[in-house]
Structure formats: C-alpha cells, structure tokens
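Pasting in a structure now, in structure tokens, and then I'll have a few things to ask.
Ligands are counted one by one from 1 in listed order, and the atoms in each one are counted from 1 as well. The first residue of the sequence shown is numbered 1, and numbering continues consecutively from there. Just so it is clear, the model here is predicted, and its values are computed rather than measured.
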Amino acid sequence: MTALTLSTAAASGLRADAIVVGVAKGAKGPLVALGAEAVDKAYDSKLANVLETLGASGAEGEVTKLPAPSGFKAPLVVAVGLGAEPEKDGSFGAEALRRAAGAAARALSGSKKAAFALPVEDAAAVGAIAEGALLGAYSFDTYKQNSQDAKAKNGKAPLAEVALLGAKPRDNAHKAAAARAIAVTEELNRARDLINTPPNDLNPESFAAIASAAGKDHGIKVQVLDEKALAKGGYGGILGVGAGSAAAPRLVKLSYTSAKAKKHLAFVGKGITYDSGGISLKPAGHNETMKCDMSGAAAVFAAVVAAARLGLEVNITGWLALAENMPSGSATRPGDVLRMYSGKTVEVLNTDAEGRLVLADALAKASEDKPDAIVDVATLTGAMMLALGNRTFGIMANDDAFRSAVHEAAEEVGEAAWPMPLPDHLRKGMDSPTADIANMGERYGGGLVAGLFLKEFVGEGITWAHLDIAGPAFNEGGAFGYTPKGGTGTAVRTLVRLAELAASGDLG
Ligand code: BES
Ligand code: MN
Ligand code: ZN
C-alpha cells in the first residue's frame, strides 16, 4: 500500500522524485493552481507560460512533466490538469481534486515518493486529494512474474509514498480526513484485488475465508453458511445457482456493531465469483470479464470493514451471496423451479439471470433482522449498461426519498449514479404458469425488471434500494483519473457515506 503523510515542508527542500502541481484551464490558457506558489516563484513566476509553451492547457487529466527549477531537491515537476478554473472566489470541487491526484499518481508509477502541492483549502480537500492519490496509485500485479523490485525498475510498481504539502499534520480535521481516506481506500483497493483475482483462485469458499480473516482483524463477527447449512435453511436460490459448480456456494454474514448505534443498515452484495451463464451459457465474447460478477459482494465487504475501521456509530450487517454459475450435469436447468428462502417459488427460465436468485435469498434473510434500510449492490444486468453506459450505476428503490438520499450520497463521494424507476406494469412479464414468479420478464427495461424481481423478496415495510453497478464495476477501457483498468471498487464509497449519514442521524 502507498504510504501517505501530511507535510508542512517547503517544496524546494523536499527529498522526493517529483513535485505535483495543479493547472487549471483558464479562458486565456493554463493557470497555476493554489498550492504551487513556491514552485511557480522558482520558475520566475512564469510556470504558466512554461506550461503553455509545452502545450499544456489545464484540461482534466492532462499530465505534463518538466524539469524542476534549480534549487529544488526533487528533480521533476508534474503538472496535472484540474479542468475548468472555479468560478470567482470558488474552489475546486472534491471530485476535480480526486481525479487530478489520481492521474498524477498513475503518471508517477515506478517512483518512490512524490510531494503533492495541490490546492488544499480545507479538510475536505485533504481527504479528496488523499483519496485520489491512494486510489490512483493502485496496480494489480499478483499474477505478473518478477519481484516487486523488478517491477520498480520497469517503472510498473505503484507510487510508494505520497506527501501532501499544505495539509497540516497537527490539524485535527486534516488528520481525520487523511485517516478516513486511508481506511476507505485501503479497503476499496482490497475490493479491487478481489474483483481482479481470477476465478480459479477466488471461489465462494476462498472469498468466505478471506472475509472471515478480515472480520477477525477488525472486530467484525463473521458467520458463514456452507452448502449443508444452506440446504438446511432452505436457501433454494443460492443453492440453485451454485448447483452446477464444483465449488459450493456460501452465504456470509458480517456483523459490525457499535455500542452507540442508533441505526441499523444491511448491505447485500451479489457475489457470483464467475458467471458463465450456466446452462443458458453466455456466448464467447461475453464471459471473459465475468470474474467481475462478485463486485457487489466485494463492495459490501469493503464498506463493512471500512466502517469498522472508522468506528462509525451505526450497526451494519453485510451479506455476501456467493456462488459460481456453471453448466454441468448437476446444474439448474431452464425450466426448473426453485423454492426460495422466503418460501416463494421461482421458475428459472434463463440460468444467466442468476444474480437475482442469490440476492432474493439474501434479501429475504437480511429482512428478518428488520434493519432501518437495506441496500443491495449487484452487477445485475447488461440492460443497465445499455441504459446508463459504463461509468454510471442505476439506483432503484421502494421509497422515493431513500432513493434520493442514496443518489445524494453517491454524488457527494464522486460516484456517478442515476435514479431509475420500478414500473409496476413490468411485473406481469414475470408471471409464470408453474411457479409464483419467473426469473425473467420483458426484454425492454431489463434492469428494471430485475429490480422488480428483487423487490418481491424484501421484507414487508422495509426501506430498500438496489444499485445495479454492471456498467462501472469493471473498467475494460484505459485508466482515467483515479480509476484503473479492471475492477474499480464502485459503490464502496457510496456505502461508506450512507453508513456515516446513518451514524450521524442524517439518513432518513
Ligand atoms: N452478470 C450478468 C450481468 C452483467 C453483464 C454484468 C455484463 C456485467 C457486465 C448477469 O448475471 C446477466 O447475465 N444478466 C442477464 C439477464 C438476462 C438473462 C435476463 C443480462 O443482462 O443479459
Ligand atoms: Mn448472468
Ligand atoms: Zn451475473
């Protein structure tokens, strides 16, 4: 993990591989952002001109490297674009700082230490820059040959140390913001590792073991239901999805409790460690990235551990619904009827609509505790990707105010999300001649159909929201801002924010 320190040192005297400064896009060319005064001065206050000469504009994510001015211990200055300059007297938004810090950290992979001289106006800016840098400095190289040293030589190891200049190590608000950023990003990066881990190494059993070990480390109670316990408990959805796999399914319950809690949240994650589609096999071209189908469970796991590390005054139960969806002689067939944990029967028309089956059991079980709200997170439908693209997740809910609260929390932390409806008329498409409901309905609005299916398994009177993260969970394109290729850790920060809001009494 990348180390983070707050530093009041002068930029010139710092022993580092690079000094990072911010550049905004002004109407008449690049503008040097606050925080870089000492660096600018050392260039005879002509840093903006130098950058313009080098072709820099200050556009978001742009990275320009230039030799440090004489008298600086660090050899390199990295100017990172912050995008449009803020309105008069305004400051850069948290997300602009996060993205710029992330882009700079990525550009500095292979370096040991960088000093970030970005605009630090308040504790929120400290937190945003820290988060961006620590998330941007992520790389997944567990399966690459060669040691960490060799990778450092090749310039591939993530930036090892970040010093935030202008952040005050003795300021309690600054310190708290940095500590929060460290806890959240370490757990988020661990979620990314789980998502990126190939499915021959991460299966329901090994995921459950990782959760149990983390629970021990952080004072979280972990209970694992194995296939025998699932059979005894009547979890027909989870068992039905796992029936075709040589790796048996699991349901993991993580309980974080605080003596001062006034609210109880339940987070439920879809944890399909590999989604082949099952007997309704996905065609080639659609299954190469399906190790990402446990991203919801990874997000729930990370958020519960982060909440525990932050000591939030709220009770949180995390549910990881883990199964591998495979075709085999023992697999569930299209046409089979499953008896779910809730007692409802489901006719499986398409074994590739498996996420809703494991979630249905977990939602019904989570409802028994009567939490104040349930939020489920799932890479549930390709339809949601068609609707919202691959950077925005959809939010559905059985309560308009709660859906808005979740959306607001997502916006606050810089996660792109959008509210989606659950139109009643789509329900009849799931009518089954044989069972209480079918696991598929109308093709149009497939993401909403899936949401309507889940809604039926949420306990009476319980506030619930469903996040369909199929689009943003896994980045198949190039890295941008603080988002790497591969697993992104989407929804972790929204869940942590919801836990904070519940703890402070600001959630419903
Ligand atoms: N895991 C997939 C959804 C998905 C697709 C996630 C692409 C990430 C990227 C899910 O289990 C699935 O296969 N959904 C089907 C449902 C359909 C059969 C009703 C889909 O969306 O096509
Ligand atoms: Mn599927
Ligand atoms: Zn799936």
Side-chain angles (χ1 to χ4, degrees), residues 195-196 199 202-204 237-238 240-245 249 268-299 320-327 331-336 346-362 376-394 396 420 426-427 429-430 432 437-454 466-477 486-491:
I195 297 163
N196 291 328
L202 191 82
N203 61 30
I238 296 174
V241 172
S245 174
V268 176
K270 169 179 173 181
I272 302 299
T273 57
Y274 185 69
D275 182 12
S276 71
I279 297 293
S280 313
L281 194 64
K282 286 181 187 292
H286 290 264
N287 45 25
E288 292 79 359
T289 59
M290 278 304 136
K291 66 177 181 180
C292 82
D293 215 18
M294 35 56 72
S295 296
L320 317 181
L322 308 175
E324 187 184 46
N325 188 22
M326 294 291 273
T332 293
R333 294 155 284 251
D336 281 353
V346 176
E347 183 178 14
V348 178
L349 294 180
N350 189 320
T351 62
D352 199 11
E354 83 297 341
R356 64 199 73 183
L357 298 173
V358 298
L359 287 171
D361 277 358
D376 79 66
V377 186
T379 46
L380 206 59
T381 66
M384 197 55 60
M385 301 178 75
L386 291 176
L388 295 177
N390 53 20
R391 292 195 185 182
T392 305
F393 61 81
M396 284 143 273
M420 300 296 274
L426 289 175
R427 170 61 182 84
M430 291 184 283
S432 159
I437 188 169
N439 78 331
M440 251 186 69
E442 284 181 38
R443 188 162 77 89
Y444 294 125
L448 321 181
V449 170
L452 280 168
F453 181 94
L454 297 181
H466 158 56
L467 315 185
D468 189 338
I469 62 167
F474 197 82
N475 177 19
E476 291 188 61
T488 62
T490 291

Nearest candidate to atom 11 (O) of ligand 1, where distance is taken over non-hydrogen atoms, out of Glu442, Glu354, Glu476
Glu354

Look only at the side chain of Thr490 and the backbone of Pro472, and say whether a donor-acceptor pair between them is shorter than 3.5 Å.
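A pair under 3.5 Å: yes.
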
What part of Val449, side chain from CB on, backbone N/CA/C/O, both or neither, has a heavy atom under 4.0 Å from ligand 1?
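Near ligand 1, Val449 shows nothing, with every heavy atom at 4.0 Å or more.
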
Under 4.0 Å from any heavy atom of Met440, which atoms of ligand 1 are there?
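Listed by number with element: 19 (C).
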
Do Thr351 and Arg333 come within less than 4.5 Å of each other through their side chains, counting heavy atoms only?
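The answer is no, as the side chains (C-beta and beyond) never meet within the 4.5 Å cut-off.
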
Mark yes or no for whether Asp361, through its side chain, and Ile238, through its backbone, hold a donor-acceptor pair below 3.5 Å.
yes

Considering only heavy atoms of Arg356, which atoms of ligand 1 have at least one such atom less than 4.0 Å away?
16 (C), 19 (C)

Could you tell me if the side chain of Val241 sits less than 4.5 Å from the side chain of Ile272, heavy atoms only?
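They are in side-chain contact.
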
N/O/S from Glu354 sitting under 2.8 Å away from the Mn ion (ligand 2)
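For Glu354, the answer is yes, given that an N, O or S atom comes within less than 2.8 Å of the Mn ion (ligand 2).
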
Hey, is the main chain of Leu281 close enough, under 3.5 Å, to the side chain of Ser276 for a donor-acceptor pair?
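Checked: no pair found.
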
Can you tell me which residue and heavy atom of the protein come closest to atom 2 (C) of ligand 1, and the distance to 0.1 Å?
Asp275 OD2, 3.5 Å

When you compare the side chain of Val346 with that of Arg356, does any pair of heavy atoms fall below 4.5 Å?
no

Given Met384, Lys270, Lys282, Met290, which one has a non-hydrogen atom that is nearest to atom 4 (C) of ligand 1?
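Shortest heavy-atom distance from atom 4 (C) of ligand 1: Met290.
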
When you measure from the Zn ion (ligand 3) to the N, O or S atoms of Gly355, does any of those distances fall below 2.8 Å?
no

Taking just the N, O or S atoms of Asp293, which one is nearest to the Zn ion (ligand 3)?
OD2

Does some side-chain heavy atom of Glu347 sit less than 4.5 Å from a side-chain heavy atom of Ile437?
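No, side chains not in contact.
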
Under 4.0 Å from a heavy atom of Met385: which atoms of ligand 1 are those, numbered in the order shown and with their elements?
7 (C), 9 (C)

Flag, side chain of Tyr274 to backbone of Asn203, donor-acceptor distance under 3.5 Å:
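Judged by distance alone, no pair lies under 3.5 Å.
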
Donor-acceptor check, side chain of Thr332 to backbone of Gly240, threshold 3.5 angstrom: yes or no?
yes

Atoms in ligand 1 flagged as close to Asn350, the criterion being non-hydrogen separation under 4.0 Å
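Listed by number with element, the hits are 18 (C).
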
Geometric N/O contact Thr381 with ligand 1, under 3.5 angstrom:
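No; the residue has no nitrogen or oxygen that sits under 3.5 Å from a nitrogen or oxygen of the ligand.
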
If you look at Asp275, which of its N/O/S atoms is nearest to the Zn ion (ligand 3)?
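Answer by atom name: OD2.
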
Could you walk me through whether Asp376 and Lys270 pass the salt bridge (charged side-chain N to carboxylate O under 4.0 Å, His left out) test, one step at a time?
CA-CA 8 Å; Asp376 79 66; Lys270 169 179 173 181; over 6 Å; no

Looking only at N, O or S atoms in Glu354, which is nearest to the Zn ion (ligand 3)?
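In Glu354, the N, O or S atom with the shortest distance to the Zn ion (ligand 3) is OE2.
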
Taking the Mn ion (ligand 2) as the vertex, measure the angle between atom OD2 in Asp275 and atom O in Asp352; round to 10°.
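An angle of 170° at the metal.
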
Would you indicate whether the side-chain heavy atoms of Met385 and Asp468 approach each other to under 4.5 Å?
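Counting from C-beta outward, Asp468 and Met385 never come under 4.5 Å.
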
Heavy atom under 4.0 Å from ligand 1: found in Asp352's side chain, backbone, both, or neither?
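It is both parts that get close, each with some atom under 4.0 Å.
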
For atom 10 (C) of ligand 1, the protein heavy atom that lies nearest, with its residue and separation:
Leu380 O, 3.3 Å

Nitrogen or oxygen of Gly382 less than 3.5 angstrom from that of ligand 1:
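Yes.
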
Per-atom contacts of ligand 1 with Ala470, taking only distances under 4.0 Å to non-hydrogen atoms:
6 (C), 8 (C)

Ignoring hydrogens and angles, tell me if any N or O in the side chain of Asn196 forms a donor-acceptor pair with the backbone of Gly487 under 3.5 Å.
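Between the backbone of Gly487 and the side chain of Asn196 there is a qualifying donor-acceptor contact (under 3.5 Å).
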
